[in-house]
Amino acid sequence: MAMEAWSRFLDTFFNLDVIERYFPAIMKGVVVTIEIAAAVVVTGTLLGLVLAIVRTFRLIPMNALIVVFVDMFRALPPLVLVLLVYFGLPNIGINLPSFAVLWLVLALVLAAFAEEIFWAGILSIPKGQWEAARSTGLGFLGTLAYVVLPQAIRLTVPPLTNRTIAITKNTALGTVIGVGEILNQATTAQSFSGNATPLMMGAIAYMILFIPVVVFGRLLETRFAWRRV
Amino acid sequence: MEAIIQQFFNLAIMERALPLILSGLKQTILICVLVIPLGLAGGLACAILSLSRLRIARWAAVAGIDFFRAIPPLVLLIFIYAGLPFAGLRPSPMTAVAIAFFLNTSSYYGEIYRAGIESVGQGQWDAARSTGLRGYQTLAYIVLPQAVRNVLPDLVSNTVEVVKLTSIASVVALPELLYSADMARSVTFNSSPIVLAAAIYLVMLWPIVRLISRLERRVAA
Amino acid sequence: MTTGTPPILEIRGLRKKFHDVEILRGIDLLVLPQELVFVIGPSGAGKSTLLRCCNRLEEPSAGSVQVGGVDITARSTDINAMRRQIGMVFQSFNLYPHMTALRNVTLALVKVLRKPRAEAERLGMAALDRVGLANKARSYPGELSGGQQQRVAIARALALEPKVMLFDEPTSALDPELVGSVLNVMRELKRGGMTMLVVSHEMRFARDAADRVIFMDHGLIVEEGPPQRIFSTPSEARTRAFIAELGR
Ligand SMILES: Nc1ncnc2c1ncn2[C@@H]1O[C@H](COP(=O)(O)OP(=O)(O)OP(=O)(O)O)[C@@H](O)[C@H]1O
Ligand SMILES: [Mg+2]
């Protein structure tokens, strides 16, 4: 009896035939997920850093714009933005492929969070560092580049890593607009095969991708906390 | 310009969609009321477990936290909603959402509590224990209050994330705010209902996001 | 002090307001080449503000500050070029924690004076050697004692070969046993002919190293003179009270 239930369970969630049939599709999804995640991380972090640097010039109208952008993209659910861009833009004549929509939205969301983290890091550098550098004749940009940013960025690594992981996981939202990432491949395969195994494969693929980064983020945190003491 | 207003800020369409969207808002609030307390409690349990003297309990807590932080919440939700029926269980959308979000948010809250408890020095434990307080009393009266204060910005910030998270319940056809708005969009072929939903999210969350920025800067200073 | 030599630092009618409160209320001060001028005064007198106006870390509200005959407050003056001729040493050292002692010293040599890396390192090592820390070139500030950190900070300013050096309470953040090493370096600088404007309350050092002592209170110079006279027979009641307080 128990044997039978167990074999039914295996048959439904770890069906070897299904695994074999859909392994290539899931792998394709893995590649797409990695590609979009990498693009989001690079562009989002860079844009966030640029915005934080622009903010140090303290041009009031510019900073107001940055704060509004940052707040909005921190307050709005990413899926709302995805649907808005995906269904809204074509109606005003802009057609973006769905992977570009996902990339654009997640990069902007990450940029907003990253800007806030970088900015907090810059603010936390004591005024004396600015003054010492300026007193040796370094200009504003030189001080920012050689003295302030290297220290600020070091402080931002742990919070930024955790935030980046959280936002990168949102690549799964791509399934809603048909981006062929892991979840999309898994749900498609599940409905074709009438079997839950592809879902299990998708979940395992995510775990293989993300558990190492989560653990890495945890290590970074303890390492940096230890250094601060 | 005209096209943009027509497509995104069409007041007539917004007005027609409003009742539907408000009923969605009610569902969204319902999910929050259900999930936030559950997550806070589950997170606390995780954190306490991760402090246990038993190595295996500590290990299990950390592994659980990392596991559910690694898996995207939408994947978890679909796994529960579309996967469990294969095992003979047929959860309603609300049940699936509650389970998935509980697991996800507990792990995030758990990690935050854990960091908070670690930020309270051993001296506080020693002092309290030396006055005869028991371990759980020390935790409840001495350590947790300080821990929560130390990580308050993170707790608030994660709560904002939970509210934002509710939007993915739309994927399993739970008629919450975004689902209702998207429904209205698909019948009107116009994005204004989603803009309206976005505005509602902003009204709810923008003040909190501002507050978090302030709190974070105060802690950093 | 020969009359007729042009001063290195010439402050005329210097005023500084913070939000309508006048903190410096008309300061006139000349510092001649190779002179060591000591500034004392109660907390809040405006001593730090005076120093910070001398390299425009604070923007003066009125008056002028000339260094080597160049008005640093003039719009046309390249302030960064002037600042490297005006060394500044802070109470809290302000070393860059992410750089080694040597990199702290060479940063401005490379980025402001555009020296090639090798030459900058040679000059940096020479500066560290003058403060007795050539052996700590590869250490990070966190690995140095307070006294060593302050001496690296002095080397950082010194390496740029400034015309004048400003010291704002360079020893008041130090443990008593570390004060001596920093004062010794300053004595060496004096012997080497450096022009210095020093805010400090190290009376013994002032007695044997300062050429002149200036007593400031409420944004004004109350009196000035050679250290022996200011410390033993001050003419102003406020100076007397302050020195009596210090002596206790
Ligand atoms: N950036 C500023 N904004 C407003 N007020 C300031 C600022 N800097 C200094 N002040 C005020 O100017 C006055 C003089 O300050 P200053 O630091 O020059 O005094 P000080 O003589 O160096 O005192 P101490 O011995 O305590 O260092 C103080 O009352 C201070 O509060
Ligand atoms: Mg001062």
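Order of the sequence lines sets the chain letters (A, B, ...), proteins ahead of strands, with each chain counted from 1. A quick note: this is a predicted structure, and the numbers were derived from the prediction, not measured.
When B/Leu205, B/Val75, B/Ile65 are compared by the number of non-hydrogen pairs under 4.5 Å with chain A, B/Val75 comes out ahead. Interface summary for chain A: among B/Arg69, B/Met204, B/Arg210, B/Arg185, the most heavy-atom pairs under 4.5 angstrom belong to B/Arg185. Across B/Phe86, B/Tyr108, B/Phe8, the residue that shares the most heavy-atom pairs under 4.5 angstrom with chain A is B/Phe86. Ranking B/Asp182, B/Leu165, B/Val160, B/Ile208 against chain A, the residue ahead of the rest is B/Asp182, based on heavy-atom pairs under 4.5 Å. Among the candidates A/Thr12, A/Val67, A/Asn170, A/Leu76, the residue making the largest number of heavy-atom pairs closer than 4.5 Å to chain B is A/Leu76. Interface check for chain A: of the options B/Ser167, B/Pro72, B/Pro73, the most heavy-atom pairs under 4.5 Å are formed by B/Pro72. Highest contact tally toward chain A, considering only B/Gln6, B/Gln7, B/Glu161, is held by B/Gln7 [criterion: heavy-atom pairs under 4.5 Å].
Checking A/Asn184 against A/Thr175 by side-chain atom types alone, a donor-acceptor pair falls below 3.5 Å. Using a 3.5 Å distance cut-off with no hydrogens or angles, the side chains of B/Gln122 and B/Asp126 do pair a donor with an acceptor.
When atom types are taken as modelled, the side chain of A/Arg74 and the backbone of B/Val209 share a donor-acceptor pair closer than 3.5 angstrom. No donor-acceptor pair under 3.5 Å is formed between the side chain of B/Ser106 and the backbone N or O of B/Leu103.
Using a 4.5 Å cut-off between heavy atoms, A/Leu79 touches chain B through backbone and side chain atoms alike. Contacts between B/Ser186 and chain A at a heavy-atom distance below 4.5 Å are absent for every atom of the residue. If you measure heavy-atom distances from A/Leu209 to chain B, you find no contacts under 4.5 Å at all. If you measure heavy-atom distances from A/Val68 to chain B, the contacts under 4.5 Å come from both the backbone and the side chain. Of the atoms belonging to A/Phe87, heavy atoms from both backbone and side chain fall under 4.5 Å from chain B. In this structure, chain B has a heavy atom under 4.5 Å from the side chain of A/Thr187, while its backbone stays farther away. Residue A/Thr171 does not touch chain B at all, counting heavy-atom pairs closer than 4.5 Å. Residue A/Val80 touches chain B through both its backbone and its side chain, counting heavy-atom pairs closer than 4.5 Å. Neither the backbone nor the side chain of B/Leu177 has a heavy atom closer than 4.5 Å to any heavy atom of chain A. Contacts of B/Val195 with chain A are made by both backbone and side-chain atoms, with heavy-atom separations under 4.5 Å. For chain B, the nearby part of A/Phe113 is the side chain; its heavy atoms alone come within less than 4.5 Å. Heavy atoms closer than 4.5 Å to chain B are found in the side chain of A/Leu183, but not in its backbone. For a residue to count as touching a neighbouring chain, one of its non-hydrogen atoms must lie under 4.5 Å from one of that chain's; by this rule A/Arg8 does not touch chain B. For B/Ser192, no part lies under 4.5 angstrom from a heavy atom of chain A. The contact between B/Ile4 and chain A is made by backbone and side chain atoms together, counting heavy-atom distances below 4.5 Å. Within the 4.5 angstrom heavy-atom criterion, atoms from both the backbone and the side chain of B/Asp66 approach chain A. Neither the backbone nor the side chain of B/Ala197 comes within contact range of chain A, judged by heavy atoms closer than 4.5 Å. Only the side chain of B/Val171 comes within contact range of chain A, judged by heavy atoms closer than 4.5 Å.
For the pair A/Tyr86/A/Ser98, a side-chain contact is recorded, criterion being any heavy-atom separation below 4.5 Å from C-beta on. For the pair B/Ile200 and B/Val203, the minimum side-chain heavy-atom distance is 4.5 Å or more.
Closest heavy-atom contact between A/Val70 and A/Ala112: CG1-O, 3.5 Å.
Separation of atoms CG (A/Leu219) and OG1 (A/Thr161) is listed at 11.0 Å; rounding is to 0.5 Å. Atom OG of B/Ser50 is separated from atom CZ of B/Arg58 by 9.0 Å, given to the nearest 0.5 angstrom. Going from atom CG of A/Leu51 over to atom CZ of A/Phe118 covers 10.5 Å, rounded to the nearest 0.5 Å. Here CG of A/Leu199 is found 8.5 Å from OG of A/Ser193. Values are rounded to the nearest 0.5 Å.
Ring geometry for B/Tyr113 against B/Tyr109 counts as tilted: the plane angle lies between 30° and 60°, on a 0 to 90° scale. Ring orientation note: the planes of A/Phe69 and A/Phe73 are tilted relative to one another, at an angle of 30° to 60°.
Of the charged side-chain nitrogens involved, at least one lies within less than 4.0 Å of a carboxylate oxygen, so that A/Arg218 and B/Glu111 count as a salt-bridged pair.
For CE of B/Met183, the number of neighbouring non-hydrogen atoms (other residues, nucleotides, ligands) closer than 6.0 Å is 12 at most.
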